[in-house]
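Notes for the one structure printed next.
Order of listing sets the numbers, starting from 1, for every ligand and every atom in it.
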Amino acid sequence: MLRIGIIACGKIAQVRHIPEYLSNPDSTVVAYYDLDEKRAAEVASRFGGRVYASVEELLADPTIDAVSICAANAYHAELTIKALRAGKHVLCEKPMAIRYEDCEAMTGVARMTGKRLLIGQNQRFAKAHVTARQLIRDGEIGRVLTFRSTFGHGGPETWSITPGAATWFFDKKLAAMGAMADLGIHKTDLLRFLLDQDVIRVSARLSTLDKRGPDSKLISVDDNAMCIYEMSGGTMGTMTASWTYYGAEDNSTVLYGTKGIMRIYDDPAHSIVITYRDGSRRELDLEAIQTNDNQTSSGVIDEFVSAVLSGRSSVLDADDVIRSMRAVFAALRSAEEGRTVETLV
Ligand SMILES: NC(=O)c1ccc[n+]([C@@H]2O[C@H](COP(=O)([O-])OP(=O)(O)OC[C@H]3O[C@@H](n4cnc5c(N)ncnc54)[C@H](O)[C@@H]3O)[C@@H](O)[C@H]2O)c1
């Protein structure tokens, strides 16, 4: 039985991490810490377990085996490294960290301590993505030539546990990036996962078009990100992330191959639709993707528990996800410098 501590008790901890640990027969949640002590106490009284006055106190408890890091982006690296050094396995939320050096420090400390470090890239567990990956490997649409992938919704200000224009998601010091960190990392990571290829070259534009803070000024992080990715296997395409898709979420990926087109979460009626070169069609009905308003089991927590207890490798291992972060940081550099950036050099 894995005994879990929750570090930061906001929305994702409450709707995903805590309930999913509690419904897993091999894990239980025993400890909570949040900068907002009242929030930690409220969560502990709802789900059961003890509140700690500091992260150090929680990490010093030898009865805790592993922690989930669910804090604002800027704290992921510091908290993860502290937890690994204290001998805990770590499941850290995305984005892994806000600087590439921090990602490297995190994987370095995980290797040094021999503790597991997994990153919560839940799109890798969405059923249509798992099936699509296998179909692509089986050659269902031939060689994938191009793609377009997008993740957008109306913004995080209605999602956060402290909603409104003052949300930390809009604060450059705490979030570092906007739609790119919040949503772009998901699709960047997904494309690597689906295609089994790395992003090798990026041309990106990031912009703040519409979101305003409490002072009515445009926020200091991007609310839209548009990237052209060139992949190691020769495939190329676009990845867009947006906080200004008002009215409905778009979480779709379309892959254009030599034998046909695969649409994933693009047709509201079917999770995957394949249109072959001769015009024939195959429809697969798996499940609706999770949205902010429809939280189904992510699979991430079960994966973490199972990987830690069995010692097997995981598709969420930080050593792999760090390669997605390379692409994200290359995109930021490309946007800042107004040029195409090589990712892997
Ligand atoms: N995998 C996903 O799909 C997904 C979805 C949503 C959020 N997230 C990630 O989860 C993280 C948290 O997001 P959220 O939606 O829960 O935000 P939130 O605003 O709802 O909650 C954040 C919580 O973290 C606490 N906190 C912030 N810094 C802290 C620190 N240093 N120590 C302790 N507590 C701290 C705050 O007090 C608050 O309770 C973010 O990094 C976000 O990117 C991932």
Report the part of C70 in contact with ligand 1, treating N, CA, C, O as backbone and CB onward as side chain, heavy atoms under 4.0 Å; options are side chain, backbone, both, neither. backbone

Is A71 in polar range of ligand 1, meaning some N or O pair under 3.5 Å apart? yes

With atoms numbered from 1 as shown, which atoms in ligand 1 lie under 4.0 angstrom from a non-hydrogen atom of A72? 27 (C), 28 (N)

Check this for me - ligand 1, F169, N or O atoms closer than 3.5 angstrom, yes or no? no

Charged N to carboxylate O under 4.0 angstrom, K38 versus E42? no

Subset of ligand 1 atoms that lie under 4.0 Å from at least one heavy atom of H186: 1 (N), 2 (C), 3 (O)

Below 4.0 angstrom from a heavy atom of G10, which ligand 1 atoms are there? Numbered from 1 as shown, please. 16 (O), 20 (O), 21 (O), 23 (C), 39 (O)

Salt bridge check, E140 against R282: does any charged N sit closer than 4.0 Å to a carboxylate O? yes

Provide the number and element of each atom of ligand 1 under 4.0 Å from a heavy atom of G120. 1 (N)

When the aromatic ring centroids of W168 and Y75 are compared, is their separation below 6.0 Å? no

May I ask you to establish whether R333 and F329 are in a cation-pi arrangement, using a distance under 6.0 Å from NZ or CZ to the six-membered ring centre and at most 45° from the ring axis? no

Have a look at ligand 1 and work out which part of K11, if any, has a heavy atom under 4.0 Å from it: side chain, backbone, both or neither. both

Counting each atom of ligand 1 from 1 as listed, which ones have a heavy atom of R16 under 4.0 Å away? 1 (N), 2 (C), 3 (O)

From atom 31 (N) of ligand 1, work out which of F151, W168, Y75 has a heavy atom at the shortest distance. Y75

Is R212 salt-bridged to E157, going by a charged N under 4.0 Å from an acidic O? no

Kindly identify the option in E37, K94, K38, M96 whose heavy atom sits closest to atom 42 (C) of ligand 1. K94

D34 touching ligand 1 at heavy-atom level, < 4.0 angstrom: yes

For H76, counting its heavy atoms only, list the atoms of ligand 1 lying under 4.0 Å from any of them. 41 (O)

For ligand 1, is there an atom lying under 4.0 Å from some heavy atom of E78? no

Compare I7, L35, I6, I119 and give the one whose heavy atom is closest to atom 34 (N) of ligand 1. L35

N224 side chain to S242 main-chain N or O, any donor-acceptor pair under 3.5 Å? no

N/O of C9 under 3.5 Å from N/O of ligand 1, yes or no? no

For Y33, take its heavy atoms, then give the atoms of ligand 1 lying under 4.0 Å from any of them. 32 (N), 33 (C)

Ring-plane angle category for Y265 and H129, please: parallel below 30°, perpendicular beyond 60°, tilted otherwise. perpendicular

Is Y246 reaching over with its side chain to a backbone N or O of G155, donor-acceptor style, under 3.5 angstrom? no

Parallel, tilted or perpendicular: which one describes the rings of F151 and H153, with boundaries at 30° and 60°? perpendicular

Okay, side chain of K88, backbone of T80: is any donor-acceptor separation there less than 3.5 Å? no

Look at D317 together with R116 and state whether they make a salt bridge at an N to O cut-off of under 4.0 Å. yes

Honestly, for N122 the part within reach of ligand 1 (heavy atoms, under 4.0 Å) is side chain

